[in-house]
Amino acid sequence: MDTRKLPIGIQDFEDIRKGQYIYVDKTEYIYNLVHMGKPYFLSRPRRFGKSLFLSTLRCYFEGKKDLFKGLKIEELEKDNTDAWQEYPVFYFDFNKKNFKTETALEEVLIAHLSEWETVYGDEYSDRPIEERFQKLLVKAVETIGRNAVVLVDEYDKPLLEAGDNERLEHNKAVFKGFFSTLKSYDRYLKFVFLTGVTKFSKVSIFSDLNQLRDISLLPEYSGICGITEDEMISTFAPEIEAFAVSEEIGKEECLLELKKMYDGYHFSYDSVGVYNPFSVLNALQDKHFNMYWFSTGTPTFLIEKLKTSGFDAKKITSGDLYASENVLTDYRYDNPDPIPLFYQTGYLTITGYDKKYRSYQLNYPNDEVKYGFLESLAPMFLNNESELDPLDIRSFGRDIDSGNIDGLRDRFTALFARIPYPSDEKQIEYNFQNVIYIVFMLLGQYTKAEVHSSKGRADCIVETDGFVYIFEFKRDKSAEEALKQIEDMGYARSYAADTRQLIKIGVNFDSKERTVNGWVVCK
(Lines give C-alpha, C1' and ligand atoms only; values in the text may rest on other atoms or scores of the structure.)
Protein backbone atom coordinates (compact mmCIF):
# COMPACT_ATOMS: atom_id res chain seq x y z
CA MET A 1 0.00 0.00 0.00
CA ASP A 2 1.27 3.44 -0.94
CA THR A 3 1.64 5.62 2.14
CA ARG A 4 -1.03 8.30 2.16
CA LYS A 5 -0.61 11.63 3.88
CA LEU A 6 -2.66 12.22 7.02
CA PRO A 7 -3.34 15.91 7.84
CA ILE A 8 -2.15 15.79 11.44
CA GLY A 9 -2.12 19.29 12.93
CA ILE A 10 -2.91 20.91 9.55
CA GLN A 11 -5.80 23.34 9.91
CA ASP A 12 -5.59 25.06 6.53
CA PHE A 13 -7.93 23.67 3.86
CA GLU A 14 -5.82 24.99 1.00
CA ASP A 15 -2.69 23.32 2.41
CA ILE A 16 -4.54 20.00 2.73
CA ARG A 17 -5.89 20.07 -0.82
CA LYS A 18 -2.73 21.32 -2.52
CA GLY A 19 -0.55 19.05 -0.39
CA GLN A 20 -2.69 16.04 -1.36
CA TYR A 21 -3.48 15.11 2.22
CA ILE A 22 -6.49 12.94 2.99
CA TYR A 23 -9.54 15.13 3.52
CA VAL A 24 -12.77 14.05 5.22
CA ASP A 25 -15.39 15.79 3.10
CA LYS A 26 -17.44 18.23 5.19
CA THR A 27 -18.44 20.51 2.32
CA GLU A 28 -22.10 19.45 2.30
CA TYR A 29 -22.43 21.21 5.65
CA ILE A 30 -21.07 24.39 4.06
CA TYR A 31 -23.62 24.19 1.28
CA ASN A 32 -26.48 23.78 3.77
CA LEU A 33 -25.28 26.59 6.04
CA VAL A 34 -24.72 29.09 3.25
CA HIS A 35 -28.07 28.42 1.57
CA MET A 36 -30.18 28.32 4.74
CA GLY A 37 -29.05 31.28 6.84
CA LYS A 38 -26.45 33.88 7.68
CA PRO A 39 -25.22 34.19 11.29
CA TYR A 40 -24.12 31.01 13.11
CA PHE A 41 -22.31 29.90 16.24
CA LEU A 42 -20.70 26.48 16.78
CA SER A 43 -19.20 25.13 20.00
CA ARG A 44 -16.86 22.13 19.86
CA PRO A 45 -13.94 20.93 22.02
CA ARG A 46 -10.36 21.94 21.22
CA ARG A 47 -8.56 20.16 18.36
CA PHE A 48 -11.84 18.99 16.92
CA GLY A 49 -11.61 20.55 13.46
CA LYS A 50 -13.24 23.96 14.01
CA SER A 51 -10.31 25.86 12.51
CA LEU A 52 -10.22 23.59 9.47
CA PHE A 53 -13.95 24.07 8.92
CA LEU A 54 -13.57 27.85 9.07
CA SER A 55 -10.62 27.65 6.68
CA THR A 56 -12.81 25.66 4.28
CA LEU A 57 -15.51 28.33 4.55
CA ARG A 58 -12.91 30.97 3.83
CA CYS A 59 -11.74 29.23 0.65
CA TYR A 60 -15.35 28.77 -0.48
CA PHE A 61 -16.15 32.47 -0.08
CA GLU A 62 -12.88 33.47 -1.73
CA GLY A 63 -14.09 31.60 -4.80
CA LYS A 64 -11.29 29.02 -4.90
CA LYS A 65 -13.31 26.50 -6.89
CA ASP A 66 -10.33 24.34 -7.91
CA LEU A 67 -9.73 23.35 -4.28
CA PHE A 68 -13.20 21.77 -4.12
CA LYS A 69 -12.82 19.54 -7.17
CA GLY A 70 -14.31 16.11 -6.49
CA LEU A 71 -15.97 17.17 -3.23
CA LYS A 72 -19.70 17.08 -2.52
CA ILE A 73 -20.19 20.81 -2.80
CA GLU A 74 -18.92 20.83 -6.38
CA GLU A 75 -21.87 18.66 -7.41
CA LEU A 76 -24.32 20.55 -5.17
CA GLU A 77 -23.36 23.91 -6.70
CA LYS A 78 -23.15 22.78 -10.33
CA ASP A 79 -26.40 24.51 -11.36
CA ASN A 80 -25.93 27.59 -9.17
CA THR A 81 -24.76 30.47 -11.36
CA ASP A 82 -24.01 32.59 -8.28
CA ALA A 83 -21.60 30.04 -6.79
CA TRP A 84 -17.83 30.51 -6.51
CA GLN A 85 -17.98 34.28 -6.39
CA GLU A 86 -15.30 36.14 -4.45
CA TYR A 87 -16.50 37.90 -1.31
CA PRO A 88 -14.53 40.13 1.05
CA VAL A 89 -13.61 37.83 3.95
CA PHE A 90 -12.72 39.09 7.44
CA TYR A 91 -11.16 36.15 9.27
CA PHE A 92 -10.44 36.66 12.98
CA ASP A 93 -8.03 34.10 14.44
CA PHE A 94 -7.64 34.13 18.23
CA ASN A 95 -5.62 30.90 18.38
CA LYS A 96 -2.08 32.23 18.27
CA LYS A 97 -1.97 34.71 21.15
CA ASN A 98 -1.50 34.40 24.90
CA PHE A 99 -4.26 36.53 26.41
CA LYS A 100 -2.94 36.91 29.93
CA THR A 101 -1.47 40.34 29.25
CA GLU A 102 -3.65 43.39 29.70
CA THR A 103 -3.90 44.56 26.07
CA ALA A 104 -3.49 41.22 24.28
CA LEU A 105 -7.03 41.20 22.84
CA GLU A 106 -6.74 44.72 21.46
CA GLU A 107 -3.36 43.85 19.92
CA VAL A 108 -4.85 40.93 18.00
CA LEU A 109 -7.78 43.00 16.76
CA ILE A 110 -5.50 45.86 15.70
CA ALA A 111 -3.20 43.47 13.84
CA HIS A 112 -6.14 42.12 11.85
CA LEU A 113 -7.47 45.59 11.11
CA SER A 114 -4.07 46.87 10.00
CA GLU A 115 -3.72 43.96 7.56
CA TRP A 116 -7.11 44.67 5.97
CA GLU A 117 -6.42 48.42 5.87
CA THR A 118 -3.51 47.73 3.51
CA VAL A 119 -6.12 46.37 1.10
CA TYR A 120 -9.05 48.74 1.61
CA GLY A 121 -7.30 51.91 2.79
CA ASP A 122 -6.06 53.19 6.15
CA GLU A 123 -7.56 56.67 6.32
CA TYR A 124 -9.52 55.68 9.44
CA SER A 125 -6.63 53.97 11.23
CA ASP A 126 -6.57 56.63 13.95
CA ARG A 127 -10.15 55.89 14.97
CA PRO A 128 -11.29 53.50 17.77
CA ILE A 129 -11.03 49.85 16.73
CA GLU A 130 -14.80 49.28 16.46
CA GLU A 131 -15.13 52.28 14.14
CA ARG A 132 -12.19 51.06 12.04
CA PHE A 133 -13.95 47.72 11.61
CA GLN A 134 -17.20 49.43 10.59
CA LYS A 135 -15.42 51.54 7.97
CA LEU A 136 -13.58 48.49 6.63
CA LEU A 137 -16.83 46.56 6.19
CA VAL A 138 -18.37 49.39 4.20
CA LYS A 139 -15.26 49.97 2.06
CA ALA A 140 -14.82 46.24 1.37
CA VAL A 141 -18.41 45.94 0.17
CA GLU A 142 -18.03 49.03 -2.01
CA THR A 143 -14.71 47.78 -3.44
CA ILE A 144 -15.66 44.17 -4.19
CA GLY A 145 -19.31 44.81 -4.93
CA ARG A 146 -20.53 41.97 -2.71
CA ASN A 147 -21.40 41.76 0.97
CA ALA A 148 -18.73 40.76 3.47
CA VAL A 149 -18.12 37.44 5.24
CA VAL A 150 -16.98 37.43 8.89
CA LEU A 151 -15.39 34.29 10.34
CA VAL A 152 -14.27 34.20 13.98
CA ASP A 153 -12.10 31.31 15.15
CA GLU A 154 -11.97 30.50 18.90
CA TYR A 155 -13.68 33.70 20.02
CA ASP A 156 -13.58 32.49 23.66
CA LYS A 157 -9.82 32.04 23.98
CA PRO A 158 -9.37 35.64 25.25
CA LEU A 159 -12.06 34.90 27.86
CA LEU A 160 -10.83 31.46 28.98
CA GLU A 161 -7.25 32.72 29.30
CA ALA A 162 -8.05 36.05 30.96
CA GLY A 163 -6.52 34.85 34.21
CA ASP A 164 -8.67 36.90 36.56
CA ASN A 165 -12.15 38.34 36.68
CA GLU A 166 -11.02 41.93 36.09
CA ARG A 167 -9.29 41.06 32.79
CA LEU A 168 -12.23 38.87 31.81
CA GLU A 169 -14.64 41.78 32.26
CA HIS A 170 -12.27 43.99 30.27
CA ASN A 171 -12.15 41.52 27.36
CA LYS A 172 -15.92 41.09 27.43
CA ALA A 173 -16.29 44.87 27.17
CA VAL A 174 -13.89 44.97 24.21
CA PHE A 175 -15.91 42.25 22.49
CA LYS A 176 -19.15 44.13 23.17
CA GLY A 177 -17.88 47.28 21.50
CA PHE A 178 -16.15 45.59 18.60
CA PHE A 179 -18.53 42.85 17.50
CA SER A 180 -21.71 44.85 18.05
CA THR A 181 -20.82 46.04 14.55
CA LEU A 182 -22.06 42.69 13.23
CA LYS A 183 -25.59 43.54 14.35
CA SER A 184 -25.76 47.20 13.41
CA TYR A 185 -24.08 46.62 10.01
CA ASP A 186 -26.04 43.49 9.12
CA ARG A 187 -27.00 44.91 5.69
CA TYR A 188 -23.32 44.70 4.67
CA LEU A 189 -22.93 41.05 5.65
CA LYS A 190 -23.30 37.95 3.51
CA PHE A 191 -22.39 35.34 6.14
CA VAL A 192 -21.17 35.20 9.76
CA PHE A 193 -19.75 32.16 11.56
CA LEU A 194 -18.24 32.12 15.07
CA THR A 195 -16.64 29.15 16.77
CA GLY A 196 -15.42 28.47 20.29
CA VAL A 197 -14.93 25.76 22.86
CA THR A 198 -17.49 27.31 25.20
CA LYS A 199 -20.53 29.45 24.82
CA PHE A 200 -20.17 31.99 27.59
CA SER A 201 -23.59 32.68 29.00
CA LYS A 202 -24.50 36.34 29.33
CA VAL A 203 -21.46 37.48 27.35
CA SER A 204 -22.19 40.62 25.40
CA ILE A 205 -21.17 39.09 22.09
CA PHE A 206 -24.19 36.79 22.36
CA SER A 207 -26.67 39.08 24.07
CA ASP A 208 -26.00 41.76 21.44
CA LEU A 209 -25.91 39.27 18.57
CA ASN A 210 -29.19 37.62 19.44
CA GLN A 211 -29.70 36.75 15.78
CA LEU A 212 -26.85 34.21 15.90
CA ARG A 213 -28.14 30.69 15.35
CA ASP A 214 -26.45 28.27 17.73
CA ILE A 215 -26.10 24.96 15.84
CA SER A 216 -24.00 23.25 18.53
CA LEU A 217 -26.73 20.85 19.71
CA LEU A 218 -28.67 20.40 16.46
CA PRO A 219 -28.76 16.78 15.17
CA GLU A 220 -28.25 17.81 11.53
CA TYR A 221 -24.89 19.37 12.43
CA SER A 222 -23.65 16.76 14.92
CA GLY A 223 -21.02 15.51 12.45
CA ILE A 224 -19.85 18.91 11.21
CA CYS A 225 -16.52 18.43 13.03
CA GLY A 226 -14.81 15.18 13.95
CA ILE A 227 -15.08 11.88 12.07
CA THR A 228 -18.16 9.66 11.99
CA GLU A 229 -17.86 5.88 11.79
CA ASP A 230 -19.03 5.88 8.16
CA GLU A 231 -16.35 8.45 7.38
CA MET A 232 -13.75 6.35 9.22
CA ILE A 233 -14.53 3.22 7.21
CA SER A 234 -14.90 4.92 3.83
CA THR A 235 -11.96 7.30 4.14
CA PHE A 236 -9.35 5.43 6.20
CA ALA A 237 -9.88 1.76 5.31
CA PRO A 238 -6.24 1.26 4.15
CA GLU A 239 -4.85 2.89 7.32
CA ILE A 240 -7.10 0.79 9.56
CA GLU A 241 -5.98 -2.37 7.77
CA ALA A 242 -2.30 -1.43 8.16
CA PHE A 243 -2.89 -0.65 11.86
CA ALA A 244 -4.52 -4.06 12.33
CA VAL A 245 -1.55 -5.81 10.71
CA SER A 246 0.84 -3.89 12.97
CA GLU A 247 -1.16 -4.87 16.07
CA GLU A 248 -1.53 -8.46 14.82
CA ILE A 249 -5.30 -8.32 15.14
CA GLY A 250 -8.19 -8.46 12.68
CA LYS A 251 -9.47 -5.34 10.93
CA GLU A 252 -12.82 -5.48 12.75
CA GLU A 253 -11.11 -5.85 16.12
CA CYS A 254 -8.84 -2.91 15.31
CA LEU A 255 -11.83 -0.76 14.41
CA LEU A 256 -13.54 -1.79 17.65
CA GLU A 257 -10.47 -0.76 19.69
CA LEU A 258 -10.30 2.59 17.86
CA LYS A 259 -13.98 3.09 18.61
CA LYS A 260 -13.57 2.35 22.33
CA MET A 261 -10.57 4.64 22.59
CA TYR A 262 -11.51 7.65 20.44
CA ASP A 263 -15.19 7.50 19.39
CA GLY A 264 -18.28 8.26 21.45
CA TYR A 265 -18.75 12.03 21.17
CA HIS A 266 -22.40 12.95 20.72
CA PHE A 267 -23.39 16.56 20.10
CA SER A 268 -27.15 16.08 20.09
CA TYR A 269 -29.62 13.77 21.80
CA ASP A 270 -30.11 11.71 18.62
CA SER A 271 -26.89 11.54 16.65
CA VAL A 272 -24.20 9.14 15.53
CA GLY A 273 -21.00 8.99 17.51
CA VAL A 274 -18.05 11.09 16.41
CA TYR A 275 -14.36 10.20 16.67
CA ASN A 276 -11.88 12.73 18.02
CA PRO A 277 -10.05 13.63 14.77
CA PHE A 278 -6.75 14.64 16.38
CA SER A 279 -6.41 11.39 18.32
CA VAL A 280 -7.57 9.00 15.63
CA LEU A 281 -5.32 10.52 12.96
CA ASN A 282 -2.31 10.26 15.26
CA ALA A 283 -3.21 6.67 16.16
CA LEU A 284 -3.52 5.70 12.50
CA GLN A 285 -0.21 7.41 11.73
CA ASP A 286 1.72 5.83 14.64
CA LYS A 287 -0.19 2.53 14.61
CA HIS A 288 -0.36 2.88 18.37
CA PHE A 289 -3.14 3.47 20.92
CA ASN A 290 -2.22 6.48 23.01
CA MET A 291 -3.83 9.45 24.75
CA TYR A 292 -3.03 11.96 22.02
CA TRP A 293 -5.76 14.55 22.55
CA PHE A 294 -5.60 14.42 26.31
CA SER A 295 -1.82 14.80 26.40
CA THR A 296 -1.93 18.07 24.39
CA GLY A 297 -3.21 20.03 27.36
CA THR A 298 -3.37 19.30 31.06
CA PRO A 299 -6.87 20.33 32.14
CA THR A 300 -5.65 22.22 35.21
CA PHE A 301 -8.53 24.69 35.14
CA LEU A 302 -10.98 21.79 34.94
CA ILE A 303 -9.47 20.02 37.93
CA GLU A 304 -9.51 23.26 39.91
CA LYS A 305 -13.13 23.78 38.93
CA LEU A 306 -13.98 20.28 40.14
CA LYS A 307 -12.05 20.81 43.38
CA THR A 308 -13.73 24.09 44.28
CA SER A 309 -17.20 22.89 43.31
CA GLY A 310 -17.16 19.81 45.54
CA PHE A 311 -18.59 17.79 42.68
CA ASP A 312 -18.65 14.02 43.24
CA ALA A 313 -16.55 12.45 40.46
CA LYS A 314 -18.28 9.10 40.97
CA LYS A 315 -21.49 10.62 39.71
CA ILE A 316 -20.14 10.76 36.16
CA THR A 317 -20.13 6.99 35.71
CA SER A 318 -23.19 6.30 37.85
CA GLY A 319 -25.66 6.86 35.03
CA ASP A 320 -27.39 9.53 37.10
CA LEU A 321 -25.72 12.63 35.65
CA TYR A 322 -28.29 14.72 33.76
CA ALA A 323 -28.38 18.32 32.63
CA SER A 324 -30.87 20.47 30.73
CA GLU A 325 -29.93 22.26 27.53
CA ASN A 326 -29.81 25.53 29.45
CA VAL A 327 -27.30 24.04 31.88
CA LEU A 328 -25.11 22.63 29.09
CA THR A 329 -24.83 26.02 27.42
CA ASP A 330 -24.55 28.06 30.63
CA TYR A 331 -20.83 28.54 31.05
CA ARG A 332 -20.00 31.54 33.20
CA TYR A 333 -16.72 32.39 34.86
CA ASP A 334 -18.42 32.47 38.26
CA ASN A 335 -20.72 29.48 37.72
CA PRO A 336 -20.05 26.98 40.55
CA ASP A 337 -21.46 24.10 38.49
CA PRO A 338 -18.61 22.45 36.51
CA ILE A 339 -20.92 20.48 34.20
CA PRO A 340 -21.28 23.11 31.42
CA LEU A 341 -17.51 23.53 31.22
CA PHE A 342 -16.87 19.77 31.32
CA TYR A 343 -19.34 19.17 28.50
CA GLN A 344 -18.29 22.04 26.28
CA THR A 345 -14.58 21.22 26.59
CA GLY A 346 -15.14 17.57 25.61
CA TYR A 347 -14.61 15.74 28.90
CA LEU A 348 -18.28 14.77 29.02
CA THR A 349 -20.63 13.97 26.18
CA ILE A 350 -24.31 13.22 25.60
CA THR A 351 -25.15 9.53 26.10
CA GLY A 352 -28.94 9.69 26.42
CA TYR A 353 -31.96 11.93 26.60
CA ASP A 354 -34.94 12.02 28.95
CA LYS A 355 -37.82 13.38 26.87
CA LYS A 356 -40.16 13.73 29.83
CA TYR A 357 -37.81 16.02 31.74
CA ARG A 358 -36.00 17.35 28.64
CA SER A 359 -32.60 16.60 30.06
CA TYR A 360 -29.43 15.11 28.63
CA GLN A 361 -27.63 12.15 30.19
CA LEU A 362 -23.87 12.68 30.34
CA ASN A 363 -20.81 10.45 30.65
CA TYR A 364 -17.23 10.17 29.44
CA PRO A 365 -17.13 9.84 25.64
CA ASN A 366 -14.43 7.16 25.43
CA ASP A 367 -11.53 5.44 27.17
CA GLU A 368 -8.98 8.11 26.26
CA VAL A 369 -10.93 10.80 28.08
CA LYS A 370 -12.08 8.59 30.96
CA TYR A 371 -8.68 7.22 31.92
CA GLY A 372 -6.79 10.41 31.15
CA PHE A 373 -9.17 12.43 33.26
CA LEU A 374 -9.08 9.99 36.16
CA GLU A 375 -5.28 10.07 36.17
CA SER A 376 -5.47 13.87 36.33
CA LEU A 377 -7.89 13.65 39.24
CA ALA A 378 -5.60 11.47 41.36
CA PRO A 379 -3.28 14.28 42.61
CA MET A 380 -6.32 16.18 43.80
CA PHE A 381 -6.99 13.53 46.46
CA LEU A 382 -3.42 12.45 47.22
CA ASN A 383 -0.42 14.02 48.93
CA ASN A 384 1.94 14.74 46.04
CA GLU A 385 4.93 15.32 48.30
CA SER A 386 5.40 11.58 48.90
CA GLU A 387 8.15 10.00 46.81
CA LEU A 388 6.35 6.66 46.86
CA ASP A 389 3.99 6.23 43.94
CA PRO A 390 1.44 3.64 44.99
CA LEU A 391 -0.94 4.82 42.31
CA ASP A 392 0.86 2.59 39.82
CA ILE A 393 -2.21 0.98 38.36
CA ARG A 394 -0.22 -1.57 36.43
CA SER A 395 1.25 -2.87 39.70
CA PHE A 396 -2.22 -3.13 41.21
CA GLY A 397 -3.26 -4.99 38.10
CA ARG A 398 -0.34 -7.43 38.26
CA ASP A 399 -1.13 -8.26 41.91
CA ILE A 400 -4.78 -8.83 41.06
CA ASP A 401 -3.92 -10.98 38.03
CA SER A 402 -1.58 -13.17 40.09
CA GLY A 403 -3.71 -13.35 43.26
CA ASN A 404 -1.08 -11.52 45.32
CA ILE A 405 -3.29 -10.55 48.28
CA ASP A 406 -0.40 -9.38 50.46
CA GLY A 407 0.86 -7.13 47.67
CA LEU A 408 -2.59 -5.60 47.30
CA ARG A 409 -2.78 -4.91 51.05
CA ASP A 410 0.62 -3.19 50.99
CA ARG A 411 -0.36 -1.04 48.04
CA PHE A 412 -3.61 0.08 49.64
CA THR A 413 -1.80 0.83 52.89
CA ALA A 414 0.73 3.00 51.07
CA LEU A 415 -2.00 4.61 48.98
CA PHE A 416 -4.21 5.59 51.91
CA ALA A 417 -1.18 7.00 53.74
CA ARG A 418 -1.02 9.67 51.03
CA ILE A 419 -4.54 10.96 51.50
CA PRO A 420 -4.48 14.46 52.99
CA TYR A 421 -6.64 14.92 56.08
CA PRO A 422 -8.30 18.28 56.55
CA SER A 423 -10.21 19.08 59.72
CA ASP A 424 -13.50 18.78 57.89
CA GLU A 425 -14.87 15.26 58.46
CA LYS A 426 -16.92 15.36 55.28
CA GLN A 427 -13.83 16.23 53.22
CA ILE A 428 -11.95 13.24 54.70
CA GLU A 429 -14.75 10.91 53.64
CA TYR A 430 -14.89 12.60 50.22
CA ASN A 431 -11.15 12.07 49.64
CA PHE A 432 -11.28 8.47 50.91
CA GLN A 433 -14.17 7.45 48.68
CA ASN A 434 -12.74 9.15 45.60
CA VAL A 435 -9.31 7.50 45.95
CA ILE A 436 -10.99 4.09 46.02
CA TYR A 437 -13.14 5.07 43.04
CA ILE A 438 -10.18 6.31 40.98
CA VAL A 439 -8.02 3.25 41.62
CA PHE A 440 -10.68 0.77 40.57
CA MET A 441 -11.89 2.81 37.61
CA LEU A 442 -8.31 3.01 36.31
CA LEU A 443 -7.99 -0.74 36.79
CA GLY A 444 -10.72 -1.04 34.18
CA GLN A 445 -8.04 -0.48 31.53
CA TYR A 446 -6.62 -3.93 32.34
CA THR A 447 -9.39 -5.87 34.12
CA LYS A 448 -13.15 -5.87 34.40
CA ALA A 449 -13.35 -3.58 37.41
CA GLU A 450 -16.71 -2.32 38.62
CA VAL A 451 -17.24 0.54 41.06
CA HIS A 452 -20.60 0.69 42.83
CA SER A 453 -22.10 3.16 45.22
CA SER A 454 -25.55 1.70 45.90
CA LYS A 455 -26.31 -0.16 49.12
CA GLY A 456 -27.26 -3.34 47.29
CA ARG A 457 -23.84 -4.04 45.81
CA ALA A 458 -20.27 -4.27 47.01
CA ASP A 459 -18.00 -1.26 46.88
CA CYS A 460 -15.82 -2.85 44.20
CA ILE A 461 -15.79 -6.05 42.16
CA VAL A 462 -12.77 -6.97 40.03
CA GLU A 463 -12.83 -9.87 37.60
CA THR A 464 -9.82 -11.44 35.87
CA ASP A 465 -9.41 -14.67 33.92
CA GLY A 466 -8.63 -16.57 37.11
CA PHE A 467 -10.13 -14.57 39.99
CA VAL A 468 -13.19 -12.65 41.16
CA TYR A 469 -12.47 -10.14 43.95
CA ILE A 470 -15.21 -8.59 46.05
CA PHE A 471 -14.06 -5.62 48.13
CA GLU A 472 -15.89 -3.77 50.87
CA PHE A 473 -14.20 -0.74 52.43
CA LYS A 474 -14.91 0.81 55.83
CA ARG A 475 -13.44 3.86 57.52
CA ASP A 476 -12.89 3.89 61.28
CA LYS A 477 -14.90 0.68 61.81
CA SER A 478 -13.55 -2.86 61.32
CA ALA A 479 -12.51 -5.18 58.52
CA GLU A 480 -14.67 -7.91 60.06
CA GLU A 481 -17.71 -5.65 59.74
CA ALA A 482 -16.84 -5.05 56.08
CA LEU A 483 -16.50 -8.79 55.39
CA LYS A 484 -19.75 -9.50 57.24
CA GLN A 485 -21.54 -7.04 54.97
CA ILE A 486 -20.30 -8.97 51.93
CA GLU A 487 -21.72 -12.16 53.42
CA ASP A 488 -24.96 -10.71 54.79
CA MET A 489 -25.82 -8.83 51.62
CA GLY A 490 -25.04 -11.81 49.39
CA TYR A 491 -22.69 -9.89 47.11
CA ALA A 492 -21.05 -13.17 46.03
CA ARG A 493 -24.29 -14.95 45.19
CA SER A 494 -24.16 -14.29 41.46
CA TYR A 495 -20.73 -15.96 41.28
CA ALA A 496 -21.77 -19.25 42.94
CA ALA A 497 -21.40 -21.24 39.71
CA ASP A 498 -18.32 -19.36 38.51
CA THR A 499 -15.24 -21.55 38.04
CA ARG A 500 -12.85 -18.74 38.94
CA GLN A 501 -11.49 -18.40 42.47
CA LEU A 502 -13.66 -16.09 44.55
CA ILE A 503 -11.83 -13.83 47.01
CA LYS A 504 -13.80 -11.66 49.48
CA ILE A 505 -11.83 -8.87 51.15
CA GLY A 506 -13.01 -6.65 54.01
CA VAL A 507 -10.88 -3.56 54.58
CA ASN A 508 -10.89 -0.96 57.33
CA PHE A 509 -8.99 2.27 57.22
CA ASP A 510 -8.02 4.21 60.34
CA SER A 511 -8.25 7.89 59.43
CA LYS A 512 -6.37 9.04 62.58
CA GLU A 513 -3.42 6.74 61.98
CA ARG A 514 -3.73 7.08 58.19
CA THR A 515 -3.31 3.37 57.65
CA VAL A 516 -5.11 0.16 56.82
CA ASN A 517 -5.55 -1.40 60.27
CA GLY A 518 -7.85 -4.19 59.20
CA TRP A 519 -7.63 -6.55 56.24
CA VAL A 520 -9.65 -9.77 56.34
CA VAL A 521 -9.70 -12.24 53.46
CA CYS A 522 -12.13 -15.07 52.82
CA LYS A 523 -11.51 -17.41 49.88
Side-chain angles (χ1 to χ4, degrees), residues 38-41 51 54-55 57-59 61-63 85-196 199-200 202-213 333:
K38 179 192 291 189
Y40 297 97
F41 170 75
S51 296
L54 253 68
S55 174
L57 277 168
R58 179 179 191 168
C59 290
F61 280 113
E62 288 177 344
Q85 303 291 330
E86 181 182 358
Y87 294 86
V89 177
F90 294 88
Y91 191 110
F92 292 89
D93 184 359
F94 293 109
N95 276 302
K96 300 174 183 177
K97 186 76 172 179
N98 183 327
F99 290 95
K100 292 189 176 180
T101 58
E102 187 174 350
T103 60
L105 177 55
E106 290 93 324
E107 290 170 7
V108 171
L109 293 172
I110 289 169
H112 281 304
L113 295 174
S114 298
E115 179 184 350
W116 297 322
E117 284 168 344
T118 64
V119 178
Y120 300 113
D122 63 355
E123 60 266 39
Y124 298 102
S125 60
D126 59 340
R127 305 286 180 88
I129 55 175
E130 59 269 23
E131 187 177 347
R132 289 168 66 179
F133 185 33
Q134 294 163 4
K135 299 296 184 183
L136 278 167
L137 280 176
V138 175
K139 293 196 68 176
V141 171
E142 291 173 347
T143 302
I144 304 296
R146 298 182 189 90
N147 278 9
V149 172
V150 176
L151 306 175
V152 183
D153 195 7
E154 304 288 11
Y155 91 94
D156 57 343
K157 195 167 183 283
L159 306 179
L160 286 171
E161 293 185 355
D164 57 59
N165 197 51
E166 183 178 351
R167 192 167 295 128
L168 172 65
E169 292 303 318
H170 170 80
N171 287 350
K172 284 164 64 176
V174 172
F175 269 142
K176 177 179 174 63
F178 191 85
F179 284 112
S180 61
T181 294
L182 298 181
K183 185 174 183 179
S184 54
Y185 280 66
D186 181 69
R187 66 188 181 279
Y188 294 99
L189 298 172
K190 165 70 177 176
F191 188 81
V192 177
F193 200 96
L194 286 79
T195 74
K199 183 180 179 181
F200 272 74
K202 301 178 182 177
V203 172
S204 299
I205 193 170
F206 293 108
S207 59
D208 288 351
L209 298 179
N210 51 22
Q211 80 274 31
L212 275 177
R213 186 178 185 218
Y333 183 82

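This structure is a prediction, so every number in the text was calculated from the model and none was measured.
- Here Leu136 contributes atom CG and Thr143 contributes atom OG1; the two are 10.0 Å apart, rounded to the nearest 0.5 Å.
- In this structure, NZ in Lys135 is found 13.0 Å from OG in Ser125, a value given to the nearest 0.5 Å.
- Between Tyr155 and Phe41, the two ring planes are perpendicular [angle over 60°; tilted spans 30° to 60°].
- For Phe92, the ring-ring contact (aromatic ring centres under 6.0 Å, His included) partners two or more places apart in sequence, or in a different chain, are His112, Trp116, Phe133, Phe178, Phe179.
- Scanning both residues, Pro158 and Glu154, for their nearest heavy atoms gives CD-O, 3.9 Å.
- Rounding to the nearest 0.5 Å gives a distance of 15.0 Å between NZ of Lys38 and CZ of Arg213.
- A cation-pi arrangement is not found for Arg58 relative to Phe61, the charged atom failing to lie both closer than 6.0 Å to the ring centre and inside a 45° cone about the ring normal.
- For Glu123, the CD atom counts as densely surrounded, since its 6.0 Å shell holds more than 12 non-hydrogen atoms of other residues, nucleotides or ligands.
- Nearest heavy-atom pair, Lys139 versus Tyr120, reported as atom, atom and distance to 0.1 Å: NZ-O, 2.7 Å.
- With sequence neighbours excluded, no residue forms a ring-ring contact (aromatic ring centres under 6.0 Å, His included) with Phe99.
- For Asp153, the side chain to side chain donor-acceptor pair (under 3.5 Å) partners two or more places apart in sequence, or in a different chain, are Ser51, Asn95, Thr195.
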Enumerate donor-acceptor pairs with a distance under 3.5 Å from any side-chain N or O in residues 102-111 to protein atoms, sequence neighbours excluded.
from: Thr103; atom 1: OG1; to: Glu107; atom 2: OE2; distance (Å): 2.9
from: Glu106; atom 1: OE2; to: His170; atom 2: NE2; distance (Å): 2.6
from: Glu107; atom 1: OE1; to: Lys97; atom 2: NZ; distance (Å): 3.0

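- Looking at residues two or more places apart in sequence or on another chain, you find no salt bridge (charged side-chain N to carboxylate O under 4.0 Å, His left out) involving Glu86.
- At least one side-chain heavy atom of Leu137 sits less than 4.5 Å from a side-chain heavy atom of Leu189.
- Here CD of Glu161 is found 9.5 Å from CG of Asp156. Values are rounded to the nearest 0.5 Å.
- In this structure, the separation between CD on Gln134 and OG1 on Thr181 is 4.0 Å, given to the nearest 0.5 Å.
- Qualifying salt bridge (charged side-chain N to carboxylate O under 4.0 Å, His left out) partners for Glu142, counting only residues two or more places apart in sequence or in other chains: none.
- Pairing each heavy atom of Ala162 with each of Asn171, the nearest pair is CB-ND2, 4.3 Å.
- For the pair Lys157 and Phe94, the cation does not sit on the ring face, since its NZ or CZ is not both under 6.0 Å from the ring centre and inside 45° of the axis.
- In summary, the aromatic rings of Phe191 and Tyr87 are positioned with their centroids too far apart to meet the 6.0 Å limit.
- For the pair Arg132 and Arg127, the tightest heavy-atom approach, listed with the atom from each and the gap, is CD-O, 3.2 Å.
- Looking at Val138 and Tyr185, their side chains come closer than 4.5 Å, going by heavy atoms from C-beta outward.
- The minimum heavy-atom distance linking Thr101 with Asn98 is given by the pair OG1-O, 4.1 Å.
- Of all heavy-atom pairs between Gln85 and Arg146, the closest is OE1-NH2, 2.8 Å.
- Separating the CG atom in Leu54 from the CZ atom in Phe193 is a distance of 6.5 Å, to the nearest 0.5 Å.
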